[in-house]
Amino acid sequence: MNLLDLVSKRVSVRSYDTARVVENKLLDEVFDIARLVVVKSKGKLTELSAAYDRDWFKTAPVVLAVVVDHTESWHRADGKDHADVDASIFVEHLCLAAAEKGLGTCWVCNFNPEVANKVLGIDGVEKELVALVPIGYPSDNSVFSKPKVRKEMSEIVTEI
């Protein structure tokens with residue numbers, strides 16, 4: 001699949017097929033681009049859902065916790081920490097890799113960090129949870145081919 005097709009295919013999936021298990025081999029292929037915390041056990045998934053209490057989130061068979069280490073991240077000459085930038089690049093690459101494999105994802109940032117950190121054993125200072133990314137087979141595969149609502153180019157591009 002070419003990049004433009006892949007970018008067009010990538011959507012935020014908010015309904016997962018609870019009957020389909022995501023194969024470890026497929027997850028390994030998607031994960032090969034980075035290292036992260038993978039939450040697969042029903043008990044931990046239930047605990048983690050307290051940090052983002054949405055019904056659709058509870059249907060995901062796997063949740064990826066994207067964690068940055070501020071002691072290892074790159075800092076620009078003026079001291080700006082690029083951990084969030086690097087994590088953002090990673091998450092989008094991960095979402096594209098998953099879409100290419102037929103898996104759905106949704107980038108979740110609106111979680112309760114205190115609850116999530118406790119469940120995942122993250123200190124929240126040196127190591128910080130940036131995003132939760134549920135991943136699994138969509139309950140409705142047509143989600144990949146439905147037209148997306150997009151802003152007009154004039155709303156997002158300024159020519160000077």
Side-chain angles (χ1 to χ4, degrees), residues 3 6-18 21-139 143-144 148-151 156:
L3 180 61
L6 184 57
V7 169
S8 295
K9 181 179 181 179
R10 168 42 199 133
V11 295
S12 293
V13 172
R14 292 188 176 94
S15 180
Y16 295 91
D17 184 342
T18 57
V21 173
V22 181
E23 302 84 357
N24 285 334
K25 181 183 181 306
L26 194 56
L27 286 173
D28 290 345
E29 290 174 16
V30 172
F31 298 163
D32 193 42
I33 63 173
R35 305 296 172 252
L36 59 159
V37 178
V38 180
V39 183
K40 292 171 65 174
S41 77
K42 289 288 184 199
K44 282 290 181 190
L45 287 169
T46 299
E47 287 180 52
L48 193 57
S49 69
Y52 187 70
D53 190 20
R54 304 294 189 282
D55 289 339
W56 70 265
F57 185 77
K58 296 172 187 174
T59 68
V62 178
V63 174
L64 312 175
V66 181
V67 180
V68 296
D69 184 336
H70 292 288
T71 66
E72 296 289 327
S73 58
W74 181 77
H75 292 74
R76 195 169 57 197
D78 64 357
K80 179 180 178 6
D81 184 345
H82 272 253
D84 286 351
V85 173
D86 290 341
S88 298
I89 293 166
F90 162 74
V91 171
E92 190 53 25
H93 286 14
L94 174 106
C95 291
L96 290 172
E100 197 270 333
K101 300 291 182 186
L103 296 171
T105 57
C106 185
W107 186 319
V108 175
C109 295
N110 187 25
F111 56 85
N112 181 319
E114 292 157 3
V115 172
N117 288 343
K118 184 176 179 184
V119 171
L120 299 169
I122 298 167
D123 68 21
V125 179
E126 287 183 356
K127 292 188 173 57
E128 179 187 8
L129 178 61
V130 174
L132 296 172
V133 183
I135 184 170
Y137 290 101
S139 62
V143 69
F144 290 129
K148 295 180 186 179
V149 176
R150 300 279 191 199
K151 290 183 177 184
I156 60 172

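Quick caveat, the model's predicted, so the values are computed rather than measured. Atoms considered below: every heavy atom in the structure, side chains included; atoms not considered: hydrogens, waters and symmetry mates.
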Between Tyr16 and Pro134, is there a donor-acceptor pair closer than 3.5 Å when you use the side chain of the first and the backbone of the second?
yes

What distance separates [X] [atom1] from [Y] [atom2], expressed to the nearest 0.5 Å?
X: Glu114; Y: Ile122; atom1: CD; atom2: CD1; answer: 13.0 Å
X: Asp81; Y: His75; atom1: CG; atom2: NE2; answer: 3.5 Å
X: Lys101; Y: Lys25; atom1: NZ; atom2: NZ; answer: 7.0 Å
X: Leu132; Y: Thr105; atom1: CG; atom2: OG1; answer: 13.0 Å
X: Lys80; Y: Ser73; atom1: NZ; atom2: OG; answer: 9.5 Å

Set out, in order, the CA-CA distance, both residues' side-chain angles and the distance that settles side chain to side chain contact (heavy atoms under 4.5 Å, CB included) for Val85 and Phe90, then state yes or no. CA-CA 9 Å; Val85 173; Phe90 162 74; over 6 Å; no

Applying side chain to side chain contact (heavy atoms under 4.5 Å, CB included) to Lys58 and not counting sequence neighbours gives Ser49, Asp53, Asp55

Scanning both residues in full, the closest heavy-atom pair of Leu103 with Phe144 reads O-CZ, 3.5 Å

ask   = Any luck finding a side-chain donor-acceptor pair between Lys118 and Asn112 under 3.5 Å?
value = no

Check your understanding: Does any donor atom in the side chain of Asp17 or Ser139 lie under 3.5 Å from an acceptor atom in the other side chain?
Key -> no

Can you check side chain to side chain contact (heavy atoms under 4.5 Å, CB included) on Val119 and Asn117, steps first, answer last?
-> CA-CA 6 Å; Val119 171; Asn117 288 343; over 6 Å; no

Is there a side-chain contact between [X] and [Y], using heavy atoms and a 4.5 Å cut-off?
X: Pro61; Y: Val22; answer: yes
X: His70; Y: Glu128; answer: yes
X: Val143; Y: Arg14; answer: no
X: Val133; Y: Cys95; answer: yes
X: Leu64; Y: Val38; answer: yes
X: Ser12; Y: Trp107; answer: no
X: Trp56; Y: Cys106; answer: yes

Exercise. Within 45° of the six-membered ring axis of Phe57 and under 6.0 Å from that ring's centre, is NZ or CZ of Arg54 located there?
Worked result: no

How about NZ on Lys148, more than 12 heavy atoms from neighbouring residues, nucleotides or ligands closer than 6.0 Å, or not?
yes

Give a yes or no on whether Glu23 atom CD has more than 12 heavy-atom contacts from other residues, nucleotides or ligands under 6.0 Å away. yes

Checking Leu129, Val130, Leu120 against Val67 for side chain to side chain contact (heavy atoms under 4.5 Å, CB included), the one that qualifies is Leu129

Output yes when Asp78 and Arg76 qualify as a salt bridge under the 4.0 Å nitrogen-oxygen rule, no when they do not. yes

Trace of the side chain to side chain contact (heavy atoms under 4.5 Å, CB included) decision for Val68 with Asp86: CA-CA 9 Å; Val68 296; Asp86 290 341; over 6 Å; no

